[in-house]
Amino acid sequence: MLADIMTKALRDGGGRAQVTDRHARLTYRELDRAADEQATRLRALLGPGERHRVAVQSGNSVAYLVAYLAVLKAGSVPFLIDRASGPREVQLIWQDCGLDLLLQDEAAAAPEVGTPRGTLGSLLATGLPAREEAPALHDLTEVCRFTSGSTGRPNCIEFAGTAVHRAAVNWAEGTGLSGGDSILCFASLSNGLAFNTSLLSAFLVGADLHLGSGLPTGGAVSRLLASTAATRLVGFPALYESLVRRPADGTAPPNLRMAVSSAAPLRPDTRSEFTARTGVPLQNYFGVAEAGPLTFAADPLTDPGLGQPLPGVRLRAGTAAAPEVVQVHSQSMGTRYLNAPGVLEGRIDQDGFYHTGDTGYLRDGSLVLTGRTSQKINVGGRKIDALEVTQALLDVPGVTDAVVLETPDRHGGSALAAVITAEPGFDPAEGRRRLAERISAYKVPSLIRVVPQIPRGSTGKPAMAQLRGLFITTGQPQ
C-alpha cells in the first residue's frame with residue numbers, strides 16, 4: 001500500500017518537485033527511478049521471500065530517502081533506527097525483532113554479528129543471522145519505528161500502512177501544507193517530528209523537501225534557509241536556540257512562514273527572540289511516538305497551549321484545576337510493540353484511547369501540558385527513558401546504585417543527569433566511556449555526581465529534590 005501511494009505521489013510530482021541535501025538533488029521522478037533500481041538490487045541481496053526486515057540507520061540524506069523507498073518497493077518492511085544508536089542497541093533490536101539486513105552510512109558501526117554484504121547506493125549493507133525466535137510481524141505492518149522501552153530496551157512500534165498514510169494526510173490538511181511549500185528539515189527522519197511532518201506529507205502535496213544534517217549551527221541553518229527558499233523549518237529546540245544565540249544581522253528569511261519544533265519546552269526568550277528576528281512564531285508540535293501527530297496551533301502567538309487536535313484526532317484531559325493523564329485517539333496509531341506483546345495494547349482503553357505519559361488539560365480546545373507520569377525525560381526533543389539509562393549505568397563495572405533525572409543546564413534548558421554510588425577507586429570518566437559503549441551518545445548523562453549514598457525516603461524512593469540540589473551550582477559536565 002505505502003509503496004503504491006508513494007510511487008503515485010512521486011510520479012504526480014514528476015520533474016517539478018525535488019528533494020535535496022548538501023550533496024545531492026533529485027526531482028521526484030528521479031527519486032522514483034533511483035528507488036526502483038535499488039529495489040531490484042535489494043531483492044538480490046535478500047534472496048527469495050517477502051516482508052524481509054530491513055533496518056535503515058543513517059543521517060538525513062537523499063540516500064536515506066532512496067533506501068527507504070526501495071525497501072518498501074521491494075516488498076520488505078523498513079525498521080527505522082535512530083542514527084545515534086550504537087552497535088549494542090542495534091544488536092538488541094536484532095535479538096528482539098529479528099533483522100535480515102542493516103543499511104547504514106559509513107559513520108555508523110554495525111553489530112558484531114553482522115556480515116558485510118556490499119552496498120545499496122551509498123549505504124553499507126550488513127547481513128544479519130536469522131533469528132528463529134523472532135516475533136512474527138502483524139499482517140498489516142508496513143513500517144517499524146522505535147521508542148525508549150520501559151524494560152530498558154528499545155520498543156519497536158509496528159505501523160500499518162493506513163496509519164502512516166493518515167498521519168501524513170492529516171498533518172498536511174491540518175497545517176495547510178501545499179505544493180508551494182519548501183520544507184527544510186533538520187530532525188532525523190527516524191523521529192516522529194520529521195517522519196510525520198516532512199516525509200510522506202511532502203510527497204502527497206508535491207512540496208520540495210530539503211534535508212539538513214550535521215550540527216545545526218546558526219550560520220549553517222541561516223544559509224540553508226536562504227538557499228532553499230524554505231517556507232517551513234522543522235527541527236528540535238537546540239536548532240532554534242542556536243539561531244537566536246547567533247548575533248542578529250538585521251535580515252530575516254524572506255520566504256519562511258512556519259517554524260515547527262517538538263513539544264520539548266522552549267525557553268520563553270528563545271521563542272520571543274526567534275519571532276522578533278524572523279516575524280515567524282515558533283510552532284510547538286505535539287505528538288506521541290505511538291499515536292503520531294496530534295495537535296497544531298493555527299495562531300501560536302495567542303494559543304494557550306500546544307494547539308488544537310489535528311484532523312482525525314480526539315483528546316481527553318483534565319481541567320486547569322485538576323489536570324489528568326492525557327488520552328489520545330488518532331487515525332495514525334501504532335498497532336503494537338513487536339518485541340513487547342501486550343504492553344501497548346494495555347495502554348489503550350476500551351474506547352480506543354491511548355493513555356500517554358503526559359498530564360494536562362484542555363483550555364479553549366487547546367492542549368496544555370502540566371507534567372509527566374512516566375520516567376521519560378525530554379532533552380532537546382529526544383525522549384529518554386530514565387529506566388533504560390539507569391540499567392545501563394548499573395551494568396558499568398564499579399557502579400553500585402544509580403538514579404537518572406532531569407536538571408537545568410547552564411543555558412536554562414534541560415540536561416540529563418545521574419547520581420551514582422560506586423566502589424572505591426571508581427573513575428567517572430572511565431564510567432562514562434563504558435556507558436557510551438552500551439547506549440546512544442545522547443542518552444549518556446552530561447552531568448554525573450558520585451555520592452557515598454543516594455538519599456531515599458522511607459518508602460525507598462529517591463529523594464529527588466535533594467538529588468536535583470546537587471546540580472544547582474553547576475551546569476558543567478563532571
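Numbering starts at 1 and runs along the sequence shown.
In this structure, CD on Glu142 lies 7.5 Å from CD1 on Ile5, to the nearest 0.5 angstrom. Thr162 contributes atom OG1, which lies 8.5 Å from atom CG of Leu2 (distance to the nearest 0.5 angstrom). In this structure, CD in Gln104 is found 13.5 Å from OG1 in Thr119, a value given to the nearest 0.5 Å. We find the CG-CG distance between Leu103 and Leu120 to be 5.5 Å, quoted to the nearest 0.5 Å. Once rounded to the nearest 0.5 Å, the distance linking OG of Ser198 with CG of Leu193 reads 7.0 Å. Rounding to the nearest 0.5 Å places CD of Glu112 at 6.5 Å from CD of Gln91.
Within the 4.5 Å cutoff, no side-chain heavy atoms of Thr270 are placed close to those of Leu243. With a 4.5 Å cut-off on side-chain heavy atoms, Leu189 and Leu211 count as touching. When side chains are defined from C-beta on, Pro116 does not count as touching Leu124, because their heavy atoms never get closer than 4.5 Å. Residues Gln95 and Arg131 meet the side-chain proximity criterion, which asks for heavy atoms closer than 4.5 Å. In this structure, the side chains of Asn196 and Trp171 stay at 4.5 Å or more apart for every pair of heavy atoms. Using a 4.5 Å heavy-atom cutoff, the side chains of Cys97 and Phe79 are in contact. Annotation: side chain of Thr278 is in contact with side chain of Pro253 (closest heavy-atom distance under 4.5 Å). Taking 4.5 Å as the limit, every side-chain heavy atom of His210 sits out of range of all side-chain heavy atoms of Leu224.
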Mind running side-chain contact (heavy atoms from CB on, under 4.5 Å) on Asp21 and Asn60 for me, showing each step along the way? CA-CA 8 Å; Asp21 61 23; Asn60 280 6; over 6 Å; no
Would Arg433 and Glu437 count as a salt bridge (Lys or Arg N to Asp or Glu O under 4.0 Å) if you check the C-alpha gap in whole Å, the side-chain angles of each, and the deciding distance to 0.1 Å? CA-CA 7 Å; Arg433 188 188 67 79; Glu437 295 174 351; 2.7 Å; yes
Apply salt bridge (Lys or Arg N to Asp or Glu O under 4.0 Å) to residues Arg33 and Glu37 and explain how you reach the verdict. CA-CA 6 Å; Arg33 290 173 180 168; Glu37 293 172 0; over 6 Å; no
Could you give me the CA-CA distance, side-chain angles and deciding distance for Phe203 and Asp12, then say whether side-chain contact (heavy atoms from CB on, under 4.5 Å) is met? CA-CA 9 Å; Phe203 296 157; Asp12 287 347; over 6 Å; no
Take Phe195 and Phe159 through the side-chain contact (heavy atoms from CB on, under 4.5 Å) test and state the conclusion after the steps. CA-CA 12 Å; Phe195 187 81; Phe159 288 96; over 6 Å; no
Report the C-alpha distance between Lys8 and Asp4 in whole Å, list the side-chain angles of each, state the deciding distance to 0.1 Å, and finish with yes or no for salt bridge (Lys or Arg N to Asp or Glu O under 4.0 Å). CA-CA 6 Å; Lys8 181 180 185 305; Asp4 294 336; over 6 Å; no
Would you sort out whether Asp32 and Lys73 count as a salt bridge (Lys or Arg N to Asp or Glu O under 4.0 Å), showing the intermediate values? CA-CA 10 Å; Asp32 183 48; Lys73 285 172 175 278; 2.7 Å; yes
Full working for side-chain contact (heavy atoms from CB on, under 4.5 Å) between Leu367 and Leu294: CA-CA 10 Å; Leu367 178 64; Leu294 299 171; over 6 Å; no
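Within the 3.5 Å criterion, the main-chain N or O of Ser332 finds a donor-acceptor partner in the side chain of Ser330. Looking only at distances, no side-chain donor or acceptor of Gln331 sits under 3.5 Å from a matching main-chain atom of Arg166. A donor-acceptor contact shorter than 3.5 Å links the side chain of Tyr28 to the backbone of Ala207. Remark: side-chain polar atoms of Arg438 are paired, donor with acceptor, to backbone N or O of Arg434 under 3.5 angstrom. Between the side chain of Gln308 and the backbone N or O of Ala298, no donor-acceptor pair lies under 3.5 Å. No side-chain donor-acceptor contact under 3.5 Å links Arg246 to the backbone of Ser222. No donor-acceptor pair under 3.5 Å is formed between the side chain of Arg83 and the backbone N or O of Ser188. Judged purely by atom type and a 3.5 angstrom limit, Ser58 has no side-chain atom pairing as donor or acceptor with the backbone of Tyr64. Without hydrogens or angle criteria, Asp100 side chain to Ala130 main chain gives no donor-acceptor distance under 3.5 Å. Of the possible polar contacts, one joining the Arg347 side chain to the His355 backbone as a donor-acceptor pair under 3.5 Å is found.
A salt bridge does not link Arg53 with Asp96: every distance from a Lys NZ or Arg NE/NH1/NH2 to an Asp or Glu carboxylate oxygen is 4.0 Å or more.
Closest of all the heavy-atom pairs between Pro111 and Leu128 is CG-CD2, 4.1 Å. The two residues Gly59 and Asp105 have their closest heavy-atom pair at N-OD2, 2.9 Å. Pairing each heavy atom of Pro300 with each of Leu282, the nearest pair is CB-O, 3.7 Å. In this structure, Ala3 and Leu72 approach most closely via the heavy-atom pair CB-O, 3.7 Å. Leu209 approaches Cys185 most closely through the heavy-atom pair CD1-CB, 4.4 Å. Minimum heavy-atom separation, Ala259 to Val280: N-CG1, 3.8 Å.
Exactly one of Leu80, Asp82, Ile93 qualifies for a side chain to side chain contact (heavy atoms under 4.5 Å, CB included) with Phe146. That residue is Ile93. Shown are Glu345, Glu290, Glu158; of these, the side-chain hydrogen bond (donor to acceptor under 3.5 Å, both in side chains) with Tyr337 is made only by Glu290. Remark: of the listed residues Thr175, Asn255, Thr197, Asp208, Thr175 is the sole one forming a side-chain hydrogen bond (donor to acceptor under 3.5 Å, both in side chains) with Arg232.
Ring pair Phe236/Phe186: centre-to-centre distance not below 6.0 Å.
There is a side-chain donor-acceptor pair under 3.5 Å between Asp181 and Thr231.
The environment of CD in Glu133 is crowded: more than 12 heavy-atom neighbours from other residues, nucleotides or ligands sit within 6.0 Å.
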